[in-house]
Amino acid sequence: MSVLAIIGGSGFSAFPGLEVRDRQPVETRYGTTSAPLVQGRIGGQPVCFLARHGSEHRLPPHRINYRANIQALADAGCSSVVALAAVGGIHPACSPGTLCVPDQLVDYTYGRAHSFFDDESEGVCHVDFTEPYSQALRQQLLSAAAAAGIVLRDGGTYAVSQGPRLETAAEVRRMARDGCDLVGMTAMPEAALARERGLGYATLAFVVNWGAGLSDEAITMDAINAQIERCADDIGRLLAVFAEQRAAPVS
Ligand code: HPA
């Protein structure tokens with residue numbers, strides 16, 4: 001059984017149900033992780049937890065050391081990563097409050113250290129990224145949601161924007177034309193780095209606002225934070241069942 005890693009996003013510097021056993025700062029050859037690596041338990045199962053934006057939630061998406069984070073999880077023996085992500089909804093079915101496991105992404109970011117194969121030390125390598133998310137992890141999340149009685153949308157394309165500002169209405173319209181259903185700021189390069197290090201990776205996205213221009217209401221941090229709070233219990237419960245089901249012997 002592989003060790004499970006959970007990367008917490010906005011609103012999840014910790015989360016309900018995470019029992020903390022140890023917390024250690026980690027230095028990797030790519031630099032320091034966003035936050036100390038937490039060894040803990042969820043649903044009675046061991047997990048490594050990393051707060052992507054830092055323990056105090058001070059790191060904006062373009063300043064996160066994604067390489068250090070993924071390297072630290074690989075070094076800690078993790079082989080599966082569930083990445084939590086607060087996102088905006090673009091598809092009409094992705095209204096605020098929706099939980100979703102996307103199956104594709106489009107990368108609109110720039111200027112981020114986006115590969116481990118960046119210099120001669122690791123050589124040239126082009127990883128297959130046709131399916132950016134682990135189908136096995138996605139299915140396990142969907143089955144945990146069904147068991148927990150939580151509605152989880154299967155599939156969708158995650159547009160990864162640079163941030164930290166939100167998008168213009170025209171940018172969101174372009175993303176919709178590109179086939180995107182959700183918009184967030186952190187899935188890249190995180191997902192690609194996980195693939196380069198051989199870690200299974202899935203995003204558990206929760207919609208906290210309508211994408212820019214899709215609603216008459218202004219997008220405010222207060223409204224986003226209120227929506228995160230409304231999703232937190234379901235996400236904690238879903239992850240607990242997910243961890244339990246992964247540990248259960250296959251009959
Ligand atoms: N755009 C980009 N990232 C986000 C959004 C959004 O509307 N909401 C939460 N994260």
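- Using a 4.0 Å cut-off between a side-chain N of Lys or Arg and a carboxylate O of Asp or Glu, D128 and R195 do not qualify as a salt bridge.
- Put simply, L141 and I235 are part of the same group of oily side chains (I, L, V, M, F, W, Y) that touch within less than 4.5 Å, one to the next.
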Apply side-chain contact (heavy atoms from CB on, under 4.5 Å) to L99 and I150, showing your working.
-> CA-CA 9 Å; L99 303 187; I150 292 168; 3.7 Å; yes

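- No donor-acceptor distance shorter than 3.5 angstrom exists from the side chain of R41 to the backbone of L18, with no hydrogens or angles considered.
- For the pair R173 and E171, the salt-bridge criterion is not met [side-chain N within less than 4.0 Å of a carboxylate O].
- Judged by distance alone, the side chains of N69 and S34 do bring a donor and an acceptor atom under 3.5 Å apart.
- I90 and I219 fall into different hydrophobic clusters, where Ile, Leu, Val, Met, Phe, Trp and Tyr side chains are chained together by heavy-atom contacts under 4.5 Å.
- Although no hydrogens or angles enter the test, the distance criterion places a donor-acceptor pair under 3.5 Å between the side chain of R237 and the main chain of A148.
- Looking only at side-chain heavy atoms (C-beta outward), Q104 and E131 come within less than 4.5 Å of each other.
- If you chain together hydrophobic residues whose side chains sit under 4.5 Å apart, I224 and W210 never meet in one group.
- There is no side-chain donor-acceptor pair under 3.5 Å between Q162 and T109.
- E229 and N225 share no side-chain donor-acceptor pair at under 3.5 Å.
- When hydrophobic clusters are built by joining Ile, Leu, Val, Met, Phe, Trp and Tyr residues whose side-chain heavy atoms come closer than 4.5 Å, directly or via intermediates, F49 is grouped together with I42.
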Assess whether side-chain contact (heavy atoms from CB on, under 4.5 Å) is satisfied between C125 and E196, documenting all intermediate values.
-> CA-CA 9 Å; C125 178; E196 286 185 350; over 6 Å; no

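- Salt-bridge check for R197 with E190: failed, with every basic side-chain N at 4.0 Å or more from each acidic carboxylate O.
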How far apart are the C-alpha atoms of S161 and M175, what are their side-chain angles, what is the distance that settles it, and do they pass the side-chain contact (heavy atoms from CB on, under 4.5 Å) test?
-> CA-CA 10 Å; S161 71; M175 288 167 174; 3.9 Å; yes

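- Applying side-chain contact (heavy atoms from CB on, under 4.5 Å) to C78 and the options I6, L4, V47, V3 leaves one that passes, V3.
- Connection of L166 to V106 is not established within any shared hydrophobic cluster, with ILVMFWY side chains joined at heavy-atom distances below 4.5 Å, either directly or through further cluster members.
- Under a 4.0 Å N-O distance rule, the pair D181/R153 does not qualify as a salt bridge.
- Listed by chain and number, the hydrophobic cluster partners of Y30 are I7, V26, L37, L50, L59, I64, Y66, I70, L73, V81, V87, L105, F116, F129, Y133, Y158, V160, L182, M188, L193, L199, Y201, V207, where partners are ILVMFWY side chains within reach of under 4.5 Å, directly or through others.
- Annotation for H114: atom NE2 does not count as buried by contact number, only 12 or fewer foreign heavy atoms lying within 6.0 Å.
- Between V101 and T203 the shortest side-chain heavy-atom distance does not fall below 4.5 Å.
- Side-chain atoms of Q24 and D22 include a donor-acceptor pair closer than 3.5 Å.
- The shortest heavy-atom contact between S55 and A35 is OG-CB, 3.5 Å.
- In this structure, C180 and Y108 have side chains that are in contact, with non-hydrogen atoms separated by less than 4.5 Å.
- With sequence neighbours excluded, the residues forming a side chain to side chain donor-acceptor pair (under 3.5 Å) with D119 are S121, listed by chain and number.
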